[in-house]
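So the structure is just underneath, and the comments pick up after that.
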Amino acid sequence: MPHTASRYLAEGRRVGLRHFTYDDAAEFTARARESKDLHHPWLFPPDTPAAYAAYAQRLIEDPAKAGFLVCEKEADGALAGFVNINNIVEGGFLCGALGYGAFAHAAGRGLMREALDLVVGYAFGPMRLHRLEINVQPGNAASIALARTCGFRKEGFSPKMLYIDGAWRDHERWALTSEMLTGDG
């Protein structure tokens with residue numbers, strides 16, 4: 001029986017990760033529009049073809065970014081969410097900042113937990129990063145719970161850190177290092 005290569009960069013029991021493509025615009029923007037109530041006021045993923053094209057271009061072409069689509073394997077690869085590694089710094093730092101979001105139909109089903117674990121493994125494996133950070137608004141209980149459940153530790157608080165939804169917002173800083181996964185950190 002011949003081996004069939006997976007269409008995913010990494011896969012778990014229920015989800016697979018793959019990179020963004022320009023061809024994902026229609027499904028991604030439809031899911032983003034369906035998820036506005038879930039995302040507001042924390043997150044504003046692109047919900048038009050033009051906004052998606054600009055967003056995807058940055059994730060596809062900028063070496064300081066890596067974008068992963070979370071695909072539900074039992075739903076023929078339907079998009080369940082996304083995880084991006086932004087501000088990737090190489091050299092002595094080997095770090096990136098995570099941003100993520102579930103789409104409404106997938107929220108609360110554990111798919112993003114599985115996906116974030118896959119992204120962490122991919123970042124610390126093939127990407128050879130040492131540290132991942134998550135900056136989350138203190139009121140975003142679901143995102144904080146996801147960070148905590150995936151092993152990230154709270155490192156601090158940054159007042160007025162990011163400009164979101166018309167104002168500078170406070171953020172908690174969460175981080176994970178490769179040593180924390182192996183028990184050496």
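All values reported here derive from a predicted model rather than from experimental measurement. Residues take their numbers from the sequence shown, with the count starting at 1.
- When side chains are defined from C-beta on, E172 does not count as touching N135, because their heavy atoms never get closer than 4.5 Å.
- Defined by atom type and a distance below 3.5 Å, a donor-acceptor pair is present between the side-chain atoms of S158 and R173.
- With a 4.5 Å cut-off on side-chain heavy atoms, E11 and L17 do not count as touching.
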Full working for side-chain contact (heavy atoms from CB on, under 4.5 Å) between R13 and K73: CA-CA 8 Å; R13 188 173 59 82; K73 289 167 56 176; 5.9 Å; no

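- Remark: side-chain polar atoms of T29 are not paired, donor with acceptor, to backbone N or O of D47 under 3.5 angstrom.
- Atom-to-atom distance recorded for S143:OG and R148:CZ is 11.0 Å, nearest 0.5 angstrom.
- The existence of a salt bridge linking D24 and R18 is confirmed by a sub-4.0 Å separation between a basic side-chain nitrogen and an acidic carboxylate oxygen.
- In this structure, M112 CE and Y100 OH are separated by 8.0 Å, a value rounded to the nearest 0.5 Å.
- Cluster annotation: L132 is not connected to F93 through the hydrophobic network of ILVMFWY side chains, with a link wherever side-chain heavy atoms come within less than 4.5 Å.
- No donor-acceptor pair closer than 3.5 Å links the side chain of H130 to the backbone N or O of E179.
- Here the side chains of F68 and I85 are in contact, with some heavy-atom distance below 4.5 Å.
- Heavy atoms only, all atoms of each residue included: N84 and G67 are closest at OD1-CA, 3.3 Å.
- Inter-residue side-chain proximity for R109 and E72 is flagged as met; some heavy-atom pair is nearer than 4.5 Å.
- The two residues G96 and L129 have their closest heavy-atom pair at N-CD1, 4.4 Å.
- Following chains of ILVMFWY side-chain contacts shorter than 4.5 Å, one cannot reach L118 starting from L59, and the two form parts of different hydrophobic clusters.
- In this structure, V119 is not a member of the same hydrophobic cluster as F20, with clusters built from ILVMFWY side-chain heavy atoms closer than 4.5 Å.
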Full working for side-chain contact (heavy atoms from CB on, under 4.5 Å) between V15 and Y8: CA-CA 9 Å; V15 301; Y8 299 117; over 6 Å; no

Derivation of the salt bridge (charged side-chain N to carboxylate O under 4.0 Å, His left out) call for E34 and K36: CA-CA 6 Å; E34 294 167 0; K36 277 190 183 288; over 6 Å; no

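- Between D170 and K160 there is no salt bridge, since no side-chain N of the basic residue sits under 4.0 Å from a carboxylate O of the acidic one.
- With a 4.5 Å cut-off on side-chain heavy atoms, M161 and W168 do not count as touching.
- Here the closest heavy-atom approach between residue A53 and residue Y22 is recorded as O-CE2, 3.9 Å.
- In terms of the ring-ring contact (aromatic ring centres under 6.0 Å, His included) criterion, W42 has no residue partners (sequence neighbours excluded).
- In summary, E114 and R14 engage in a salt bridge, as defined by a charged side-chain N under 4.0 Å from a carboxylate O.
- Between the side chain of S35 and the main chain of L38, no donor-acceptor pair closer than 3.5 Å is present.
- Taking the side chain as every heavy atom from C-beta outward, C71 and L79 approach each other to under 4.5 Å.
- When each of L69, V120, L98 is tested with V83 by the rule side-chain contact (heavy atoms from CB on, under 4.5 Å), just one qualifies, namely L98.
- The shortest heavy-atom contact between A80 and A106 is O-CB, 3.5 Å.
- In the hydrophobic cluster analysis, where Ile, Leu, Val, Met, Phe, Trp and Tyr join through side-chain heavy atoms closer than 4.5 angstrom, V136 is grouped apart from L43.
- Nearest heavy-atom pair across K154 and W174 is N-CE3, 3.3 Å.
- No side-chain donor-acceptor contact under 3.5 Å links Y122 and D117.
- Taking each heavy atom of P41 and D165 in turn, the nearest pair found is CB-OD2, 3.8 Å.
- Atom CD of E61 has more than 12 heavy atoms from other residues, nucleotides or ligands within 6.0 Å.
- The existence of a salt bridge linking E90 and R128 is excluded, since no basic side-chain nitrogen approaches an acidic carboxylate oxygen closer than 4.0 Å.
- A salt bridge links E155 with R153; the closest basic N to acidic carboxylate O contact falls under 4.0 Å.
- Put simply, the side chain of P45 does not reach to within 4.5 Å of the side chain of Y52, judged on heavy atoms.
- Atom NE2 of H171 is separated from atom CD1 of I134 by 11.5 Å, given to the nearest 0.5 angstrom.
- The distance from the CE atom of M127 to the CG atom of L94 is 10.5 Å, given to the nearest 0.5 Å.
- Once rounded to the nearest 0.5 Å, the distance linking CG of L146 with CG of N140 reads 9.5 Å.
- For the atom pair CG (L162) and CZ (R169), the distance works out to 11.0 Å, reported to the nearest 0.5 Å.
- A tilted orientation is assigned to the rings of F82 and F28, their planes being inclined by 30° to 60°.
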